[in-house]
Amino acid sequence: MFELGKAPIYWKTMNGLPPTSGEKLKLFYNPAAKILVPNEDFGIGFNGGFNQPIMCGGEPRAMLRKARGKADPPIYTIQICIPKHAVNLICSFTNGVDWDGPYRLQFQVPKAWQNRPIEFFNEGLAQELSKEGACEKAIFPDTSIVITRCAMIGNLSIEGGDRCNLDLVPGCMDPGSHLYNPLANVDDGSCSIDSDMESLI
């Protein structure tokens with residue numbers, strides 16, 4: 001965990017526990033901590049892969065800009081759905097010209113797998129990521145910020161339409177709800193329907 005403002009990158013998990021294989025993770029990047037000037041068109045790009053940089057590496061993905069008021073410069077976020085066989089994430093950040101990184105984030109793996117060789121994880125990960133669209137589901141923009149600019153949700157404006165073409169999956173994002181959708185990356189309010197029903201029973 002990194003202190004925001006002092007370090008360029010830190011993470012946050014859904015359950016507050018250390019990053020674990022098979023769980024969700026949010027990465028925050030503060031370009032001001034490394035004097036990486038955001039690109040005027042896309043801000044900061046994320047480039048990273050699991051176990052080794054080629055596993056879901058490819059082209060840098062645009063991160064979402066998160067304003068922090070006038071006193072602090074904006075930070076950038078991206079979401080990661082950690083594959084079950086991932087043991088680490090190796091990533092860098094770019095403005096299209098300059099790079100910062102690489103950074104390495106180690107994941108906790110199930111106890112039964114802790115003494116397995118790296119080949120076991122790499123083979124399992126290759127199978128997981130061979131499915132169509134697997135990398136897009138594993139690394140994607142932080143939609144909780146972009147929904148205010150996406151024409152796909154409600155009657156909101158089409159500003160930033162380039163980001164509306166991303167794989168947005170509306171649904172309940174509360175793991176405690178029986179309506180929970182583990183693939184959802186946009187909270188559509190359906191969890192509150194669940195709690196309303198409970199109060200009527």
Side-chain angles (χ1 to χ4, degrees), residues 1-4 6-31 33-34 36 44-64 66 75-95 98-145 166-169 171 173-176 180-186:
M1 204 52 136
F2 297 91
E3 185 182 346
L4 189 56
K6 301 278 178 76
I9 178 174
Y10 78 106
W11 52 261
K12 179 182 177 184
T13 55
M14 299 286 284
N15 54 17
L17 298 173
T20 305
S21 300
E23 298 291 332
K24 283 188 178 178
L25 167 75
K26 188 183 290 192
L27 284 185
F28 298 80
Y29 181 72
N30 180 9
K34 277 298 183 90
L36 189 65
I44 295 294
F46 168 93
N47 186 262
F50 302 104
N51 293 14
Q52 48 188 312
I54 59 169
M55 299 277 202
C56 281
E59 292 293 315
R61 297 157 173 84
M63 300 180 76
L64 290 188
K66 184 173 183 181
I75 57 173
Y76 293 81
T77 67
I78 198 156
Q79 290 201 55
I80 314 286
C81 281
I82 307 168
K84 290 189 171 100
H85 290 84
V87 293
N88 60 53
L89 173 74
I90 299 169
C91 62
S92 300
F93 303 89
T94 183
N95 60 8
D98 300 311
W99 287 83
D100 178 28
Y103 294 93
R104 181 188 182 101
L105 180 59
Q106 198 73 24
F107 302 135
Q108 292 189 343
V109 298
K111 283 188 179 177
W113 291 1
Q114 284 179 359
N115 295 320
R116 298 284 184 106
I118 189 66
E119 291 77 23
F120 166 81
F121 293 99
N122 286 343
E123 286 171 20
L125 185 61
Q127 286 183 357
E128 280 186 81
L129 299 180
S130 66
K131 295 174 184 153
E132 190 173 339
C135 281
E136 288 74 19
K137 289 177 182 170
I139 302 173
F140 54 93
D142 183 3
T143 50
S144 64
I145 297 169
L166 296 166
D167 186 19
L168 301 183
V169 182
M173 296 179 67
D174 178 7
Y180 173 60
N181 179 357
L183 299 177
N185 53 34
V186 177

May I ask you to test the [X]-[Y] pair for a side-chain heavy-atom distance under 4.5 Å?
X	Y	value
W113	F121	yes
P19	I82	yes
R116	P110	no
V87	I118	yes
D100	I9	no
L129	C56	yes

What's the spacing between [X] [atom1] and [Y] [atom2] if we round to 0.5 Å?
X	Y	atom1	atom2	result
K24	K12	NZ	NZ	13.0 Å
L89	I80	CG	CD1	5.5 Å
K26	Y10	NZ	OH	9.0 Å
L25	T13	CG	OG1	7.5 Å
L27	W11	CG	CH2	10.5 Å
C135	R61	SG	CZ	6.0 Å

Between [X] and [Y], what is the shortest heavy-atom contact and its length?
X	Y	answer
I139	G48	CD1-O, 3.9 Å
K137	C81	O-CB, 3.5 Å
I90	R104	CD1-NH1, 3.9 Å
F107	A86	CD1-O, 3.6 Å
S21	V109	OG-CG1, 3.5 Å
M173	P175	O-CD, 3.2 Å

Is it the case that more than 12 heavy atoms not belonging to Q106 sit under 6.0 Å from its CD atom?
-> yes
Mark yes when over 12 heavy atoms from residues, nucleotides or ligands other than E132 sit less than 6.0 Å from its CD; otherwise mark no.
->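 Incorrect, the count does not exceed 12.
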Got a donor-acceptor contact below 3.5 angstrom from the [X] side chain to the [Y] backbone?
X	Y	result
E128	K84	yes
T77	I75	no
N88	N51	yes

Option passing ring-ring contact (aromatic ring centres under 6.0 Å, His included) with F93 (candidates F28, W99, Y29) | Y29
Does the pair F120 and H85 meet the rule for a ring-ring contact (aromatic ring centres under 6.0 Å, His included), with working shown?
-> CA-CA 8 Å; F120 166 81; H85 290 84; 5.6 Å; yes
